[in-house]
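To start, the structure under review is shown below, and the notes come after it.
Along the sequence shown, the residues carry numbers beginning at 1.
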Amino acid sequence: MINVKGIAVSFVLSAALSVSAFGNNVKSLMTYEDSILSEMQSNTRELVNSEKILEMMQLLSNANKEFDLKTINHLHDNIYIWCKEDTQNISSILGTLAVHIEKKNNLFIALKKDLKKIDAPKHIKSQLIELENSTSEMNKYIQKMIDITYMGIDAKHMFMALSAIPNDGIKLDDYWFNPFDEEKDKTLFLLSKDSEKIENIDDLFNLEAILEGELIEYNNKKRSIGKIKLPEVGGFKFNAINNTHFKHVSFM
């Protein structure tokens, strides 16, 4: 049997970096990358020698790796607790990342054209393709983080709705969900100290069934409101805001 409570605790303990500290790190990394990209574009337009361009490519490649290490890894380790406890800030940071990567991709397109004009050596063009590929992988992961953030918002609102329901003295204390669950019908796990008072397991299953019914009603109400249309930013989609992520509840 999977120790769900143990997994939940490990997610919380992994969140050692605050959202604000992470945001400051991201800002510094983006500023550094922007300076390299600007200099690269300036060098190609001024038709300087290929060695200088290659040097800038290497700097950008190293910056890309640092960006991956300090941004993507921290997102993976902390996204659960951040989207649960500081949704507004992490949403803002992800939006900033989306804009930055859009700018990066646009600059790559411009660099390709500039390199073609000066007939840059093949190895320089290959280096740019490598940078494009690594950025493309980041794109996929940040899209995943955006989707998880909306899942976290959904979980928070569902928990608030379920907590407002009278449950024969059973107070809901907290909730947990697996941010990396790929199942279509996800489970929202509930924590209640009062649930330990329920001696008959069938009574607990009945309570879960009642709460699951409320969850279904919540999802139906969300669908009835209609879809919120948010514009894409740099190819990133924000339509996960309309998803109904959780179909089941279970006490931990």
Notebook entry, point to check: In terms of side-chain heavy atoms, does Asn242 have a donor or acceptor partner in Asn239 at a distance below 3.5 Å?
Noted result: no

Check: Are side-chain N/O atoms of Glu33 and His100 paired as donor and acceptor at under 3.5 Å?
Finding: yes

Notebook entry, point to check: Are the side chains of Asn78 and Val19 in touch, meaning some heavy atoms are under 4.5 Å apart?
Noted result: no

Check: Met158 versus Asn219: any side-chain heavy-atom pair under 4.5 Å?
Finding: yes

Notebook entry, point to check: Under 4.0 Å between a Lys/Arg side-chain N and an Asp/Glu carboxylate O for Lys237 and Asp147?
Noted result: no

Check: Does a side-chain N-to-carboxylate-O contact under 4.0 Å join Lys112 and Glu132?
Finding: yes

Next item on the list: Check each of Asp68, Asn139, Asn64 against Ser134 using the side chain to side chain donor-acceptor pair (under 3.5 Å) test, and report the only one that passes.
Entry: Asn64

Checklist line | His76-Phe180 aromatic ring centre distance below 6.0 Å | finding: yes

Notebook entry, point to check: Can the ring centroids of Phe177 and Phe246 be said to lie less than 6.0 angstrom from one another?
Noted result: yes

Notebook entry, point to check: Going through the distances and angles, do Ile93 and Thr96 end up as a side chain to side chain contact (heavy atoms under 4.5 Å, CB included)?
Noted result: CA-CA 5 Å; Ile93 290 168; Thr96 302; 5.5 Å; no

Next item on the list: Report the residues that fulfil side chain to side chain contact (heavy atoms under 4.5 Å, CB included) with Asp173, sequence neighbours left out, ordered by chain and then residue number.
Entry: Lys171, Ser192, Lys193

Next item on the list: Could you list the residues that satisfy side chain to side chain contact (heavy atoms under 4.5 Å, CB included) with Asn62, not counting sequence neighbours?
Entry: Gln58

Next item on the list: With sequence neighbours excluded, tell me which residues meet salt bridge (Lys or Arg N to Asp or Glu O under 4.0 Å) with Lys186.
Entry: none

Margin query: With a 4.5 Å cut-off on side-chain heavy-atom distances among I, L, V, M, F, W and Y, is there a chain of contacts connecting Ile142 to Val99?
Written below: yes

Next item on the list: Provide the closest heavy-atom pair for Phe67 versus Met138 in the form atom of the first, atom of the second, distance.
Entry: CD2-SD, 3.6 Å

Margin query: Looking at Ile165, is its backbone amide N or carbonyl O close enough to the side chain of Glu214 to form a donor-acceptor pair, meaning the two atoms are under 3.5 Å apart?
Written below: no

